[in-house]
Amino acid sequence: MADSQRTAGKDSSREQSKNPRHAARMAKKKAVIDAAIAAATDEHGLLIVITGNGKGKSTSAFGTVARALGHGMKVGVVQFIKSRTDTGEEAFLGQHAEWHVTGDGFTWDTQNREQDIATAQRGWAIAARMLADPTYRLVVLDELTYLLSYGYLDSDSVLDALAQRPPLQHVIVTGRGAPDALIELADTVSIIADEKHAFRAGVKAQPGIDL
Ligand code: ATP
Ligand code: MG
């Protein structure tokens, strides 16, 4: 028998001896997961916060919009801060979801606090209407966190509207620097870390990826 065949035979018998151990480990894992699934019996609308400095907050929310639309749910999206209306998400998902772009751009673009506050309040009025209407099963409040951290909106009113929304309505809030009170109120919080971003290597915003 050639050396290589002998080595292959040894490798395969070592592999086979791992099988029962693997099966036992998986059975144990399955029992734990099944018990956790059986214990999770609650059903109610979730408040999800996606924050942090890494890329993927808004795109995560839009992925969930696609998922909810696939189930025939009514979805509302309010984009704060952002003023552009040529994004792929609006062109595609906006055909099926109610879509509002309510921003004037970033504060360093507008450089006008009074105007920013008036714009924020106009956007919030649309969001508040959705948060009071149980026919919306998912509401996305994209970049809402900035309006809270800059003090453009009254934090207590926003938190009250979120807390008192219809019981089966899901809400996703995105944006960096989510305030503690919002994180406290949320059911699910993901903080996306910024490890690398192509922009810092000089790559400009790419249609299909960044907008
Ligand atoms: P995305 O919409 O791609 O999911 P995001 O919502 O996580 O991004 P925003 O701060 O809203 O992050 O980003 C708006 C734009 O800035 C997007 O084009 C995004 O690719 C880009 N961006 C996001 N994070 C970073 C980062 N850490 N450095 C540079 N650019 C970023
Ligand atoms: Mg975003």
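As the structure lists them, so they are numbered: ligands from 1, and atoms in each ligand from 1. For the single chain, residues carry numbers from 1 onward in sequence order.
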> If you measure from atom 23 (C) of ligand 1 to every heavy atom of Lys196, Lys57, Glu143, Arg176, which option wins on shortest distance?
Replying inline: Arg176
>> Could you work out, for atom 6 (O) of ligand 1, the closest of Gly52, Gly63, Gly54, Ser58 by heavy-atom distance?
In response: Ser58
> What pairs with Pro166 under side-chain contact (heavy atoms from CB on, under 4.5 Å), at least two apart in sequence or on another chain?
Replying inline: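 Pro134, Gln169.
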> Considering residues at least two apart in sequence or located in another chain, which fulfil the side-chain contact (heavy atoms from CB on, under 4.5 Å) criterion with His22?
Replying inline: Arg25, Met26
Ligand 1 N/O within reach of [X] N/O, cut-off under 3.5 Å:
X	answer
Gly56	yes
Ala205	no
Ser60	no

>> Less than 4.0 Å is my threshold; does some heavy atom of Leu211 fall inside it relative to ligand 1?
In response: no
Just which atoms of ligand 1 are under 4.0 Å from any heavy atom in [X]?
X	value
Arg200	27 (N), 28 (N)
Asp210	17 (C), 18 (O), 19 (C), 20 (O)
Asp194	27 (N)

Just let me know how [X] lines up against ligand 1, side chain, backbone, both or neither, with a heavy-atom cut-off below 4.0 Å.
X	result
His197	side chain
Thr59	both
Asn53	backbone

>> Can you tell me if Leu211 has over 12 outside heavy atoms packed within less than 6.0 Å of its CG?
In response: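 Correct, the count exceeds 12.
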>> Given a threshold of 2.8 Å, state how many protein N/O/S atoms are nearer than that to the Mg ion (ligand 2).
In response: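 Considering protein N, O and S only, the Mg ion (ligand 2) has 2 within range.
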> Any luck finding a side-chain donor-acceptor pair between Thr102 and Gln79 under 3.5 Å?
Replying inline: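 Thr102 vs Gln79: no donor-acceptor pair found between side chains.
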> What pairs meet the salt bridge (charged side-chain N to carboxylate O under 4.0 Å, His left out) rule with one or both residues in residues 123-141, with sequence neighbours excluded?
Replying inline: Glu98-Arg129
